[in-house]
Amino acid sequence: MRTEEAGMGIRSRIGEALAQAVRGLGVEGELPDLELGRAKEAAHGDYASSAGLKLARQLRQAPPQIAERIARTIVIPDGAATAEAAGGYVNFRLADEWLHRLVTEVASHGEGFGASNLGRGESVQVEFGSINPTGPMHIGHGRGVVLGDSISRLLDFTGHKIQREYYVNDQNTQARRFGASVWARMNGEEPPEGGYVGEYVTELAEIAKRELGDIDSLQREQAEAKVRQFAIALMVERIKASVARLNVRYDEWFPESRLWLDGLPQLAIKQLREEGFLKEREGALWFGPALEEEDGLGEHVRSEKDDRVVIRSNGEPTYFASDLGYLLSRFERRGFHRVIEVWAADHHGYVARLKAAAVALGIDAERLEIIIHQMVNLKEGKMSKRAGRFVELDELIDKVGSDAVRYFYLLRSPDTTIEFDLELALTQSNENPVFYAQYAHARLVNVEATALEKHPSLRKEADVSLLMQPWELEVARQLAFWPEVVEDSTRLLEPHRIPYYVHDLSTAVHRFYHAGNETSEFRVVVDDPKLTRARLELGRAARHTLKTALDLMGVTAPERM
RNA sequence: GCCCCGCUAGCUCAGUGGAUAGAGCAUCUGCCUUCUAAGCAGAGGGUCGGGGGUUCGAAUCCCUCGCGGGGCGCCA
């Protein structure tokens, strides 16, 4: 079993064998989706395909007959699985011998099991977490950070060349308003309209007053700019510290101001103007995607409702102008083949416009993927009496720890609103699913130490064919499923599939362990060194895979609990 | 008014058009002298929001209605 094949996964290999068998029946052209997937019932084996039903019309034959012919002729490499027809379905059962080889492979292969070259080195930028650095991150921002980070980890694991970026809005309206707020606080003035208030603003003002001694000699405008830069820099440091606590790192903190220094928004505007995508109205410069709609009289007219201001009537550019330059920066200047952005749901309305802008700039819209995640709400509880209480990410990490925060966030599909039950999260107990998985890992580490204590001179080679108990083979079976979990998570950019897999594997591990509680001969560590060695091999393979999966989630795998 | 997301067990949620819809928590019943009981084994619990449609087959795709959340050109 070569590494690439292991990375490809058994499902894909059965799928290829299935396609070949179907060709053998004389099916030509593009094959329909044969619905090869995990069988729901044990009686149906491990995988099932509805190939017979899918091909009935085309082959003008009854589904059971087609399934029979497929099952009879299919050749699955390495004898990895057996095929059996059942009605119009073809069921596949993984062979014990193949599972044994897999255990050996994974146990020796280490923690890279499931890695692949799916991405073929494609360069991808993942931009996530980029909130205005005008305040601390709250629990909603944390979701985007964790999501973006795990997507990056997944893509990295599957052969993509990843760059993680935080886009720092250091000169937009909000940044200026923020700087003005801090300046006002320093000088005992009221904050500007829509300005920022809060303890952290007061703190920043005090620090700025201490550190920026010379600003009194400057003109107000210059002094404000200096305060703004100072305050933004401090907030960025604070955000860096917060995300670091979540085990998140970035490759680049890219300032919006750099775009203007490099002349990219200016270039984009020039380009779009020449192409006729820009127009003046009400004293402002607008971007109008070339969309047309019916006016009800059969005439196609330009719709103005999707237009967006690029340069305000007062001559100042909007964030949208920066974003035009940002597109050029990434797709043209820096040459990323794909860009993935992670946004919260309150920005969804901007998706179509940014994509329209990309297309107008000659960038294929498919290269820009925007993942929208829903919000994080605080569940009403005793902890949050004050309505709309602003809960900082740091507060949450203080209370439940980075592992629990990451696990809980990743457990939900991005499409689901998280109702964060603060009370539940505060109960540091077995209700946290993260402990279940971490405990399984720690257990495997512990049992290995126990085994080496009892049998100080275990053989290097393990005879894994001794693993014949159902609960032992079930662990091996779960290992076989791992590569397809990685593949699906990557292809769909849905990391939430990983914690569900981790739970399944952990369950198999706990069962495997507990078989020895009922009957002592089923313990991992027994008198027979050969049997002990075989079970140890299985434990090792499971431990590596658990560790790998937890790593992709950014959750630690403790060796002792 | 328009756009996006959700509605699946008491609660929180998985589920890529396939066979009898799953998990955790909660509830109930068993299991610790012996490798970690933060665990294991078992039970009960469902008109998959309502109604149409497509299909051999729909929780899944389409239409429509309802409820909840988010958003809707000079904030981002």
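In what follows, chains carry the letters A, B, and so on, assigned in the order in which the sequence lines appear, proteins first and then strands, with residues in each chain numbered from 1.
Backbone-only engagement by A:H510 is indicated by non-hydrogen atom pairs under 4.0 Å involving sugar-phosphate atoms exclusively. Nucleic acid contact for A:R57: sugar-phosphate only, since backbone atoms but no base atoms lie under 4.0 Å from a heavy atom of the residue. At a threshold of 4.0 angstrom between heavy atoms, the contacts of A:S50 include nucleobase atoms, whether or not backbone atoms are also involved. A:A48 comes within 4.0 angstrom of a base, heavy atoms only. Among the protein residues, A:H496 comes within range of the sugar-phosphate backbone only, with heavy atoms under 4.0 Å from sugar or phosphate atoms but none that close to a base. Contact annotation for A:A442: base contact, defined as any heavy-atom pair under 4.0 Å involving a base atom.
Here, B:C5 and B:C75 have their P atoms 28 Å apart, quoted to the whole Å.
Phosphate proximity of B:G73 to A:R281: absent, as no side-chain N or O sits under 4.0 Å from OP1 or OP2. A close approach under 4.0 Å does not occur between any side-chain nitrogen or oxygen of A:Y409 and OP1 or OP2 of B:C13.
Protein atom CZ of A:R497 is 18 Å distant from nucleotide atom P of B:G22, rounded to whole Å. Protein atom CZ of A:F277 is 18 Å distant from nucleotide atom C1' of B:G73, rounded to whole Å. Atoms CG (A:L444) and P (B:G39) sit 15 Å apart, rounded to a whole Å. The CD1 atom of A:I418 sits 11 Å away from the C1' atom of B:U12 (whole-angstrom rounding).
For B:A14, the base has no donor-acceptor partner in the side chain of A:D504 [N/O atoms by modelled type, under 3.5 angstrom].
Stacking here means ring centres nearer than 5.5 Å and ring planes tilted less than 30 degrees, and by that measure A:Y89 does not stack onto B:G18. Here A:H348 does not count as stacked on B:G71, because the ring centres are not under 5.5 angstrom apart with planes under 30°.
By the neighbour-count criterion of 12 heavy atoms within 6.0 Å, atom CD of A:E559 is sparsely surrounded, having that number or fewer from other residues, nucleotides or ligands. Remark: A:E369 CD is packed, more than 12 non-hydrogen atoms of other residues, nucleotides or ligands lying under 6.0 Å away.
Heavy-atom minimum distance, A:V502 versus A:A549: CG2-CB, 3.5 Å.
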